[in-house]
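Sequential numbering from 1 along the given sequence is applied to the chain's residues.
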Amino acid sequence: MKELRAKLDVGPLVIHTSYLVNVCSQSDEIRQKSIAAFRGEIERALAFGAEYLVLHPGSWKGLTRDEGLKLAADSITKAIDGLAWQGTPFHILIENTAGAEFSLGGSFEQVAELVVRLKPTAPVAVCLDTCHTHVAGYDLVSVEGYEQTIKQAAATVSLEAVRVWHMNDAKAERGSKLDRHENIGQGTMGLEPFRRLLNDKRFTHSAFIAETPVNEPGDEERNVKVLKSLVK
């Protein structure tokens, strides 16, 4: 992996944690298995020399949001405890979610709360997903709404902490809380939010990753080409 990355100039390396991991589950059994599974993800990321490991904060169904937040922070801390990440560029990235009823991370404020809790014990930053942001109710589509949304991100998670953007159009309407990704420019967001993001100098430090559907062979390449065509 390291030899190929050097040869092909691939960086940063961003890994997405398994969707089965739920670090704030009310079930002690599921939570313990999630901690073990997430620790394995961290170990592999460190072995690969990955810069970033993206994590969905999980579902706190059956608990209060504050209880879920505490369990998530405790579980992540336990998962990384004793691993040799110091001195590496490795960071766990907390991803914002679509805002479903029991989903932790449906607002920038919730993501920021978790990051603050984790900072003393783990290398942590942020991944923002365009579809999740849109369906959670933030406006990335209008010019004024885009600026207001970025200001909200700056005031909560901080723009410097946003190391990765997942670039996805959305099948559902803004505020719907429905996490359904669509090909770039073919959903309810259109092309302009992606053009703004890719050319926004406030995110020159961020990586942009297409996380779009694959319905036909070549869909991944087509989506990446569309995104590249928007860069000035």
Asks: Is the shortest side-chain heavy-atom distance between Leu55 and Ile76 below 4.5 Å?
Replies: yes
Asks: Using a 6.0 Å cut-off, check whether atom CD of Glu43 has over 12 heavy atoms from anything other than its own residue.
Replies: yes
Asks: Given Met167, which of Asp129, Ile209, Leu198, Asn223 fulfils the side chain to side chain contact (heavy atoms under 4.5 Å, CB included) condition?
Replies: Leu198
Asks: How close do Ala161 and Ala125 get, counting heavy atoms only, and between which atoms?
Replies: O-CB, 3.3 Å
Asks: Is it the case that one hydrophobic cluster holds both Val14 and Val111, taking links as side-chain heavy atoms less than 4.5 Å apart, direct or via other members?
Replies: no
Asks: Would you say CD of Glu221 has more than 12 non-hydrogen atoms from neighbouring residues, nucleotides or ligands within 6.0 angstrom?
Replies: no
Asks: Treating Asp81 as the side-chain partner and Thr77 as the backbone partner, does any N or O pair qualify as donor plus acceptor under 3.5 Å?
Replies: no
Asks: Can His132 and His181 be said to form a side-chain contact (heavy atoms from CB on, under 4.5 Å), step by step?
Replies: CA-CA 9 Å; His132 297 173; His181 295 188; 3.5 Å; yes
Asks: Is a donor from one side chain sitting under 3.5 angstrom from an acceptor on the other, for Thr97 and Ser103?
Replies: yes
Asks: Could you tell me if the side chain of Tyr146 sits less than 4.5 Å from the side chain of Val141, heavy atoms only?
Replies: no
Asks: Do the non-hydrogen side-chain atoms of Tyr19 and His56 ever get within less than 4.5 Å of each other?
Replies: yes
Asks: Within a strict 4.5 Å, meaning less than it, do heavy atoms of the Pro123 and Thr88 side chains meet?
Replies: no
Asks: Mark yes or no: Arg163 above the aromatic ring of Tyr52, with NZ or CZ under 6.0 Å from the six-membered ring centre and no more than 45 degrees from the axis.
Replies: no
Asks: Counting only heavy atoms not in Lys33, do more than 12 sit closer than 6.0 Å to its NZ atom?
Replies: no
Asks: Taking Arg5 for its side chain and Gly49 for its backbone only, find out whether a donor-acceptor pair lies under 3.5 Å.
Replies: yes
Asks: Determine whether Asp74 and Lys70 satisfy the following criterion, salt bridge (charged side-chain N to carboxylate O under 4.0 Å, His left out), listing intermediate values before the conclusion.
Replies: CA-CA 6 Å; Asp74 290 348; Lys70 183 180 184 303; 2.8 Å; yes
Asks: Does Arg202 pair with Glu160 as a salt bridge, N-O distance under 4.0 Å?
Replies: no
Asks: Step by step, would you call Phe194 with Val226 a side-chain contact (heavy atoms from CB on, under 4.5 Å)?
Replies: CA-CA 10 Å; Phe194 301 99; Val226 170; over 6 Å; no
Asks: Do Val54 and Leu159 sit in one hydrophobic cluster, given that two such residues count as connected whenever their side-chain heavy atoms are within less than 4.5 Å of each other, even indirectly?
Replies: no
Asks: Mind checking whether Phe203 and Phe208 have ring centres under 6.0 Å apart?
Replies: no
Asks: Are Trp85 and Phe90, when compared by the centres of their aromatic rings, separated by less than 6.0 Å?
Replies: no
Asks: Should Glu216 and Arg222 count as side-chain neighbours, where that means a heavy-atom distance under 4.5 Å?
Replies: yes
Asks: Would you say the side chain of Thr188 lies within less than 4.5 Å of the side chain of Arg174, judging by non-hydrogen atoms?
Replies: no
Asks: Check whether any side-chain N or O of Ser34 sits under 3.5 Å from a backbone N or O of Val21 as a donor-acceptor pair, and report yes or no.
Replies: no
Asks: Thr212 side chain to Asn183 main-chain N or O, any donor-acceptor pair under 3.5 Å?
Replies: no
Asks: Quick check for you: to the nearest 0.5 Å, what is the distance between Leu63 atom CG and Cys24 atom SG?
Replies: 7.5 Å
Asks: To check you understand the geometry: which heavy-atom pair defines the closest contact between Ala136 and Gly106, and what is its length?
Replies: CB-O, 3.5 Å
Asks: For Gly58, does its backbone N or O pair with a side-chain atom of Asn22 as donor and acceptor, under 3.5 Å?
Replies: no
Asks: Under 4.5 Å between any side-chain heavy atoms of Gln26 and Trp60, yes or no?
Replies: no
Asks: For side-chain contact (heavy atoms from CB on, under 4.5 Å), just list the numbers for Arg117 and Leu69, CA-CA rounded to whole Å, side-chain angles, deciding distance to a tenth of an Å, and then say yes or no.
Replies: CA-CA 9 Å; Arg117 285 179 182 242; Leu69 188 66; 3.4 Å; yes
Asks: Begin from the C-alpha positions of Glu211 and Asn168 and carry the test side-chain contact (heavy atoms from CB on, under 4.5 Å) through to its verdict.
Replies: CA-CA 6 Å; Glu211 221 186 28; Asn168 311 295; 2.9 Å; yes
Asks: Check whether any side-chain N or O of Glu67 sits under 3.5 Å from a backbone N or O of Thr64 as a donor-acceptor pair, and report yes or no.
Replies: yes
Asks: Say whether His166 and Thr130, considering side chains only, have a donor N or O and an acceptor N or O under 3.5 Å apart.
Replies: no
Asks: Would you say Leu46 and Leu4 are hydrophobically clustered, going by side-chain heavy atoms of ILVMFWY under 4.5 Å?
Replies: no
Asks: Does one hydrophobic cluster hold both Ile42 and Leu114, with members joined at side-chain heavy-atom distances below 4.5 Å?
Replies: yes
Asks: Please tell me whether Leu104 and Val124 are part of a single hydrophobic cluster in this structure, the criterion being side-chain heavy atoms less than 4.5 Å apart.
Replies: yes
Asks: Output yes when Arg180 and Glu173 qualify as a salt bridge under the 4.0 Å nitrogen-oxygen rule, no when they do not.
Replies: no
Asks: Any heavy-atom pair between the side chains of Arg65 and Gln110 that's under 4.5 Å?
Replies: yes
Asks: Determine whether a donor-acceptor pair (N or O, by modelled atom type, separation under 3.5 Å) exists between the side chain of Ser206 and the backbone of Val164.
Replies: no
Asks: Any salt bridge linking Arg196 with Glu192? Criterion: basic side-chain nitrogen under 4.0 Å from a carboxylate oxygen.
Replies: no
Asks: Are the side chain of Asp169 and the backbone of Gly185 linked by a donor-acceptor contact shorter than 3.5 Å?
Replies: yes
